[in-house]
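Quick note on labels: first sequence line is chain A, next is B, and so on, each numbered from 1.
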Number of protein chains: 2
Amino acid sequence: MHEYATSRKTRSNLINATGEIAAETDFSNVSMRAVAKRSGENIGSIHYHFGNKDTLFQEVIKAALQSWIDEPLSEYIASLQPEMDTKRGQARMIRLLVHYHIKNLFSDNKPVWHHKIMYHVLQYSSKLRDLVNESLIQPNDETIFKIFKKIKSEIKKSEMEMLIRMILAPIYFHVIFRDIFLSNSGVKDYSKKYLIDLEDKLVNQTLREFKLPIG
Amino acid sequence: MHEYATSRKTRSNLINATGEIAAETDFSNVSMRAVAKRSGENIGSIHYHFGNKDTLFQEVIKAALQSWIDEPLSEYIASLQPEMDTKRGQARMIRLLVHYHIKNLFSDNKPVWHHKIMYHVLQYSSKLRDLVNESLIQPNDETIFKIFKKIKSEIKKSEMEMLIRMILAPIYFHVIFRDIFLSNSGVKDYSKKYLIDLEDKLVNQTLREFKLPIG
DNA sequence: TGTAAATTTAGTCAAGTGTGTAAATGTTTC
DNA sequence: GAAACATTTACACACTTGACTAAATTTACA
């Protein structure tokens with residue numbers, strides 16, 4: 001006999017509840033009873049659907065990774081590759097690169113926990129970190145490396161790493177420290193204008209770094 | 001009768017062990033038994049010296065904050081305040097501002113957990129976060145706000161916030177993601193040259209933003 | 001050295017943890 | 001509707017957790 005229609009819904013409820021709780025503090029603070037309570041499901045169902053806590057956590061991470069895997073950076077920028085021979089095309093590529101991350105991390109079509117937990121697990125050694133690192137961070141970095149090399153062929157690896165970090169750190173930071181930033185600023189959410197300004201500043205800063213035409 | 005000489009040592013052992021374990025994953029993953037084991041002290045001593053887990057954690061945070069409080073940014077830059085009337089002085093101030101953070105976060109005279117746990121607790125709402133926010137982040141931000149306003153009097157608050165984040169995010173990032181950055185780069189530690197380059201890039205990027213003289 | 005107090009120790013306690021199970025319930029398919 | 005099995009439920013298990021205590025030990029000071 002096949003899977004019930006309710007089965008998918010139950011799994012998704014459990015994954016969502018887990019992600020939410022994990023994003024509020026961290027994974028080590030997530031208890032199966034808390035997950036059961038928030039999801040409205042039974043503790044036993046976690047064991048039935050996922051076998052154990054670790055597997056549940058893995059599925060939570062996979063759910064958060066999904067949208068990045070569906071449209072990886074390499075694919076998102078593919079159409080601009082032909083223009084990479086011109087300075088102007090390279091400049092547009094830099095903007096696309098920055099925009100990809102801001103768009104993915106600040107659009108409203110995904111729950112906030114999707115983004116938060118990824119940077120949570122990257123902070124300490126674990127199986128979950130390896131998962132995010134191998135399926136998101138490293139491919140992403142590789143794509144950016146290629147772009148940088150095309151723009152400046154003699155660029156060193158450590159310089160590329162630093163540039164990536166200088167671009168992405170401010171973006172990620174707005175995700176990781178969202179609560180305290182918004183609370184200290186006294187606003188409810190990042191405004192659209194703020195995010196556009198952030199993108200512009202990051203793009204321009206990188207264009208200057210590579211001596212590419214601005215605007 | 002007064003405190004024993006061993007008492008301070010015991011407290012310091014417990015605080016250190018707690019900080020170390022917390023930095024490896026997070027505070028919610030720290031058990032009193034693990035602290036007792038790593039420190040070589042007895043579990044009961046935690047209760048005797050700190051009363052409960054929360055107070056122990058607070059003392060751990062306070063220990064990590066100490067060096068920042070001993071020499072706050074406002075004090076570190078005080079001697080340069082008279083030069084703030086000239087563009088050249090303002091440029092030097094920006095460098096001092098950046099250097100203060102890199103120096104504090106990457107010098108070897110403090111254990112790595114000091115820095116890691118501060119950014120851990122800032123990520124979710126808690127008493128510990130309020131402590132770090134009020135005694136470090138907010139005064140620090142205030143000091144930087146004043147500098148920015150001196151350089152560009154009509155600057156808006158949200159722009160100042162963005163600029164602070166663009167300067168500090170890359171620095172903090174190298175602390176928070178130290179393990180995975182070093183592991184992905186295949187090096188044992190950030191080289192001195194790398195940190196100097198990072199400082200230069202951050203300084204120059206900010207100087208350009210304020211149209212101040214570079215070099 | 002003796003004594004009063006500070007500290008350490010080993011152990012207890014109730015509450016919470018992840019995991020597992022057997023029975024009850026629900027859904028699908030014939 | 002009934003058989004077949006997927007799912008849910010309530011509960012039990014051994015273990016870990018933070019908090020606490022009374023007794024043992026160590027220290028400082030007269």
Side-chain angles (χ1 to χ4, degrees), chain A residues 1-63 117 120-121 124 126-128, chain B residues 1-63 117 120-121 124 126-128:
Chain A
M1 194 180 253
H2 287 96
E3 193 179 74
Y4 287 5
T6 56
S7 189
R8 277 177 61 89
K9 179 67 179 164
T10 303
R11 270 205 302 278
S12 135
N13 284 345
L14 290 169
I15 287 175
N16 257 286
T18 306
E20 278 180 28
I21 300 172
E24 282 164 17
T25 56
D26 43 61
F27 275 102
S28 40
N29 208 28
V30 176
S31 80
M32 322 224 68
R33 278 162 185 82
V35 170
K37 193 169 190 181
R38 180 169 310 205
S39 64
E41 308 289 344
N42 191 282
I43 314 180
S45 290
I46 302 177
H47 177 256
Y48 178 77
H49 285 283
F50 300 98
N52 57 43
K53 210 185 176 188
D54 279 350
T55 312
L56 168 63
F57 286 178
Q58 273 184 39
E59 293 303 316
V60 171
I61 293 290
K62 281 183 190 165
I117 60 164
H120 275 178
V121 301
Y124 53 91
S126 69
K127 244 189 176 164
L128 299 179
Chain B
M1 196 179 253
H2 288 94
E3 194 179 75
Y4 287 4
T6 56
S7 189
R8 278 177 60 90
K9 180 66 181 166
T10 303
R11 271 205 302 278
S12 135
N13 284 345
L14 290 169
I15 287 174
N16 257 286
T18 306
E20 278 180 27
I21 300 173
E24 282 163 17
T25 56
D26 42 62
F27 274 102
S28 40
N29 208 29
V30 176
S31 80
M32 323 219 65
R33 278 162 183 83
V35 170
K37 193 169 189 181
R38 181 169 310 205
S39 64
E41 307 290 343
N42 190 281
I43 314 181
S45 290
I46 302 177
H47 177 257
Y48 177 78
H49 285 282
F50 300 98
N52 56 44
K53 210 186 176 187
D54 279 350
T55 313
L56 168 63
F57 286 179
Q58 274 184 38
E59 293 304 316
V60 172
I61 293 290
K62 280 183 191 166
I117 60 165
H120 275 179
V121 302
Y124 53 92
S126 69
K127 244 189 175 162
L128 300 179

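Spacing between atom CG of Asp54(B) and atom C1' of dC20(D) amounts to 16 Å, rounded to whole angstrom units. If you take CD of Glu3(B) and P of dA6(C), they are 10 Å apart, rounded to a whole angstrom. Going from atom NE2 of His47(A) over to atom C1' of dA23(C) covers 16 Å, rounded to whole Å. Taking atom OH of Tyr48(B) as the reference point, atom C1' of dC20(D) lies 15 Å away to the nearest angstrom. Going from atom CD of Glu41(A) over to atom C1' of dT25(C) covers 15 Å, rounded to whole Å. Protein atom CD1 of Ile46(A) is 12 Å distant from nucleotide atom P of dT17(C), rounded to whole Å. Rounded to an integer number of Å, the gap from Arg8(B) CZ to dT27(D) C1' is 17 Å. Per the geometry, CZ belonging to Phe27(B) stands 18 Å off C1' belonging to dT17(D), to the nearest Å.
Counting non-hydrogen atoms under 4.0 angstrom, Val30(B) reaches the backbone sugars and phosphates but no base. Residue Ser45(A) is in base contact, counting any heavy-atom pair closer than 4.0 Å across all strands shown.
Put simply, His49(A) has no side-chain N or O that comes within less than 4.0 Å of OP1 or OP2 on dA6(D). Residue His2(B) places none of its side-chain N or O atoms closer than 4.0 Å to OP1 or OP2 of dT27(D). Side-chain nitrogen and oxygen atoms of Thr6(B) include none within less than 4.0 Å of the OP1 or OP2 phosphate oxygen of dT7(C).
Nearest-nucleotide mapping onto DNA chain D: of Gly40(A) and Met32(B), the residue sitting toward the 5' end is Gly40(A). A residue-by-residue look at Arg33(B) and Ser7(B) shows that Ser7(B) has its nearest nucleotide of DNA chain C further toward the 5' end.
When distances are taken from the side chain of Ala5(B) to each of dA28(D), dT19(C), dT29(C), the shortest belongs to dA28(D). Which of dG18(D), dT7(C), dG18(C) sits closest to the side chain of Lys53(A) comes down to dG18(C). Across dT7(C), dA19(D), dA12(D), the shortest atom-to-atom separation from the side chain of Tyr4(B) is found for dT7(C). Taking every side-chain heavy atom of Asn42(A) into account, dT9(D) is the closest of dT9(D), dT7(D), dT7(C).
A distance-only check finds a donor-acceptor pair linking the side chain of Ser39(A) to the backbone of Ala36(A) [under 3.5 Å].
Considering Thr18(B), Leu14(B), Ile43(B) as possible partners of Met32(B), the one that fulfils the side-chain contact (heavy atoms from CB on, under 4.5 Å) test is Ile43(B).
Between the side chains of Thr55(B) and Asn52(B), at least one donor-acceptor pair of N or O atoms lies under 3.5 Å.
The shortest side-chain heavy-atom distance between Phe27(B) and Thr25(A) does not fall under the 4.5 Å cut-off. Taking the side chain as every heavy atom from C-beta outward, Thr10(B) and His49(B) approach each other to under 4.5 Å.
Nucleotide dA30(D): paired with dT1(C) (Watson-Crick or G-U wobble, both distances less than 3.5 Å).
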